[in-house]
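Reading through the C-alpha cells given below for one structure.
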Number of protein chains: 2
Amino acid sequence: ILDLKGITRLYRMGEETIYALREVSLSLSQNEYVAIMGPSGSGKSTLMNIIGCLDTPTHGSYSFEGEKVSRMNDRELAGIRNRKIGFVFQTFNLLPRSTALQNVELPLIYSGESRRKREDRAIEALTDVSMADRITHKPNELSGGQRQRVAIARALVTKPSIILADEPTGNLDTKTGNEIIGLFESLWEEGNTIIIVTHEEDIATHAARIIRLRDGEVEEDVVNPNR
Amino acid sequence: ILDLKGITRLYRMGEETIYALREVSLSLSQNEYVAIMGPSGSGKSTLMNIIGCLDTPTHGSYSFEGEKVSRMNDRELAGIRNRKIGFVFQTFNLLPRSTALQNVELPLIYSGESRRKREDRAIEALTDVSMADRITHKPNELSGGQRQRVAIARALVTKPSIILADEPTGNLDTKTGNEIIGLFESLWEEGNTIIIVTHEEDIATHAARIIRLRDGEVEEDVVNPNR
Ligand SMILES: Nc1ncnc2c1ncn2[C@@H]1O[C@H](COP(=O)(O)OP(=O)(O)OP(=O)(O)O)[C@@H](O)[C@H]1O
Ligand SMILES: Nc1ncnc2c1ncn2[C@@H]1O[C@H](COP(=O)(O)OP(=O)(O)OP(=O)(O)O)[C@@H](O)[C@H]1O
Ligand SMILES: [Mg+2]
Ligand SMILES: [Mg+2]
C-alpha cells in the first residue's frame, strides 16, 4: 500500500547540501508491523513525514494505495492525513491552549459525528492510554509522558488503518511504555498497519520487520527473526 | 549542599487538589551522582524544578548550600540558576529563532567574557555532544535527538558544579545516549554533582544512588549496589 522509490530529501544551507534521505526505496503492505531504527539524525522522522504526506521528497516517487502522492490535490492529501493515517509526532504538537480532551476531540471535528459522540470517543481514547484522570488539563499542566500519551490518543481517536508513531515511548517509564506497545499490538491484530520509529531494541523486538537507517540511507531491511 | 524537608507541591484545579509532590525529604552532598526514577506523572520533573530553583514548593523548606531558598532575593536566585546549576529540560526549551550556536552561547552572555571566547566555549560544548557540524542550524532544522544534544551543551557550557538533567537521553539512540552518559561520568569524576531523571535502568546503573518516586512520594532512596 505504501511504495517509495528512490526517495531523496535534501536541504540546501548556504554552500552545503544536507541529505536527510538519500535514494530510499521500500514497500510496505497492509497489516505490516514495522520498526524503523537508526542513530540520531539518520533520517527516521524525515522518512515518517514523507510516508505521512506531511513532507514532499526532493527526488523520487511515493505511491499511496497505488496512486502517486505528487499528483494528489489538497483535498485528497487532507483526506489521507485526516482519515487514513494516525500520526504520533516526536514533539507531540499539542495545542497549548486546549485541554487534553479538546486536543483529542479535534481530529473528529471533520467526522460529522455529534458533539456527544465525539466526546465519548475522545474519552475512550484517553482511557486507552491511562489518561482518563487528566482530561481537563492543558499540556503545560501535564508531565512529559502524559503529553506523549495525549498525542498517542489523538492519533488513534479516528481509528486510522495506518499508524505512524515517531518514538511514542521516549518519555515513558518501562511499564507505561509496555502498555502503549500492547495497545499497538492489538491494533495490529485488528488488521491495521503499524510503523514505529524507536531507539529501543526492546520495543523493536515486537515488530515483524525492522528497517535500519544510517546517514539517510537504508542500511538494513529484515524480517524480525524473533517474531 | 541540597537539603529538602517536607516538600509538598500541589495544584488546585476546581474541586480537585493534585499533589505533584507530597512530603518529600532528601539531602544531597557535593559530588554525588544520583538517578531519579519513577512512573510517568510521579513528580520527577516537579522535583527537579524545585531543586533547580525554577519552582517554589507549596509547603516545606529547601536549603541550597546552607541557605534557605525561600529567603533569597531575585538576584541571588538568578546567580544560582545562571552560574551554579546547569539544567537540561525534558522539553529542551531552545529559542526557536536562534541557531544551535546562539542557543549555547546565551548562558555565557552574563559571564563577562569576550565574544570570541564565548563562541569558542560554545563550539567546544557542541563538539562534546557531537554537534559541531550543525551549529548554524535552528531548532526546526535539527532532528529530535540533535535538539536534545543542543539543550545538553547549553546546560554544560558555563561549567556548572551542579548538573540537573531531565531525561537527557530520551530521544537518543543507545550509542549516542552512552556518549552523553560518558560525558556526565567525566564531569562527575571532576568533582561535580550530577542528578539525572531517567526511565532507563541501563542509564540508572551508572549512578551511585537511586531515588524512586511514586505518586509524588519517595518510594525508595538507596545506594546503587552495582556501583
Ligand atoms: N500545572 C499543573 N497543574 C496541575 N497538575 C500538574 C501541573 N503540572 C504537573 N501536574 C501534575 O503533577 C504530576 C507530576 O508531574 P511531573 O511533570 O513532575 O511528572 P514526571 O514524573 O516528570 O512525569 P514524566 O515521567 O511523564 O515526565 C503529574 O500527574 C501532572 O499531571
Ligand atoms: N529543515 C532542515 N534543514 C536542514 N537540515 C535538516 C532540516 N531538518 C532536518 N535536517 C537534518 O536532516 C537529518 C535527518 O533528520 P531527522 O529528523 O529525520 O533525523 P532522525 O533520524 O529522526 O533523528 P532523531 O533520532 O534524533 O530524532 C538531520 O541530520 C537533521 O539535522
Ligand atoms: Mg526523529
Ligand atoms: Mg517529567
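Residue numbering restarts at 1 for every chain, and letters A, B, ... go by the order of the sequence lines.
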Show the nearest heavy-atom pair for residues A:Asn192 and A:Pro160, with the distance to one decimal.
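For A:Asn192 versus A:Pro160, the nearest heavy atoms are OD1-O, 3.5 Å.
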Assess the residue pair B:Thr8 and B:Arg22 against the criterion (side chain to side chain donor-acceptor pair (under 3.5 Å)); give the C-alpha distance rounded to whole Å, side-chain angles, the decisive distance to 0.1 Å, and a yes or no.
CA-CA 4 Å; B:Thr8 292; B:Arg22 196 194 290 263; over 6 Å; no
Above 12 or not: heavy atoms from other molecules or residues under 6.0 Å from CG of A:Asp133?
yes
Is the shortest heavy-atom distance from the side chain of A:Asn103 to the side chain of A:Phe92 under 4.5 Å?
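A:Asn103 does not reach A:Phe92 side chain to side chain.
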Main-chain N/O of [Y] paired with [X] side-chain donor or acceptor, under 3.5 Å:
X        : Y        : value
B:Lys138 : B:Leu95  : no
A:Lys44  : A:Arg212 : no
B:Gln102 : B:Thr99  : yes
A:Arg147 : A:Pro139 : yes
B:Arg9   : B:Ala20  : no
A:Arg134 : A:Ala100 : no

Please round to the nearest 0.5 Å and tell me the distance separating atom CG of B:Leu94 and atom CG of B:Leu106.
10.5 Å
Using a heavy-atom cutoff of under 4.5 Å, enumerate the residues of residues 193-205 of chain A that contact chain B, numbered in order, or state 'none'.
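The stretch touches chain B at A:His199.
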Which residues from residues 162-187 of chain A are near chain B, with near meaning under 4.5 Å between non-hydrogen atoms?
A:Glu167, A:Gly170, A:Asn171, A:Leu172, A:Asp173, A:Thr174, A:Thr176
Quick check for you: among B:Met13, B:Met37, B:Gln146, B:Glu16, which has the greatest number of heavy-atom pairs under 4.5 Å with chain A?
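Highest number of heavy-atom pairs under 4.5 Å: B:Met13.
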Electrostatic pair B:Glu124-B:Arg121, nearest N-O below 4.0 angstrom
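Answer for the salt bridge query: yes.
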Chain A contact via B:Leu142 - which portion, at a heavy-atom distance below 4.5 Å:
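Neither part; nothing is under 4.5 Å.
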For B:Thr91, is it the side chain, the backbone, both, or neither that has a heavy atom closer than 4.5 Å to a heavy atom of chain A?
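For B:Thr91, the side chain is the part near chain A, not the backbone.
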Pick from A:Ser40, A:Ser42, A:Gly14 with the largest number of heavy-atom pairs that fall under 4.5 Å of chain B:
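Top count of heavy-atom pairs under 4.5 Å with chain B: A:Ser40.
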Is A:Glu141 close to chain B through its backbone or its side chain, or both, or neither, when contacts mean heavy atoms under 4.5 Å?
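Interface part for A:Glu141: side chain.
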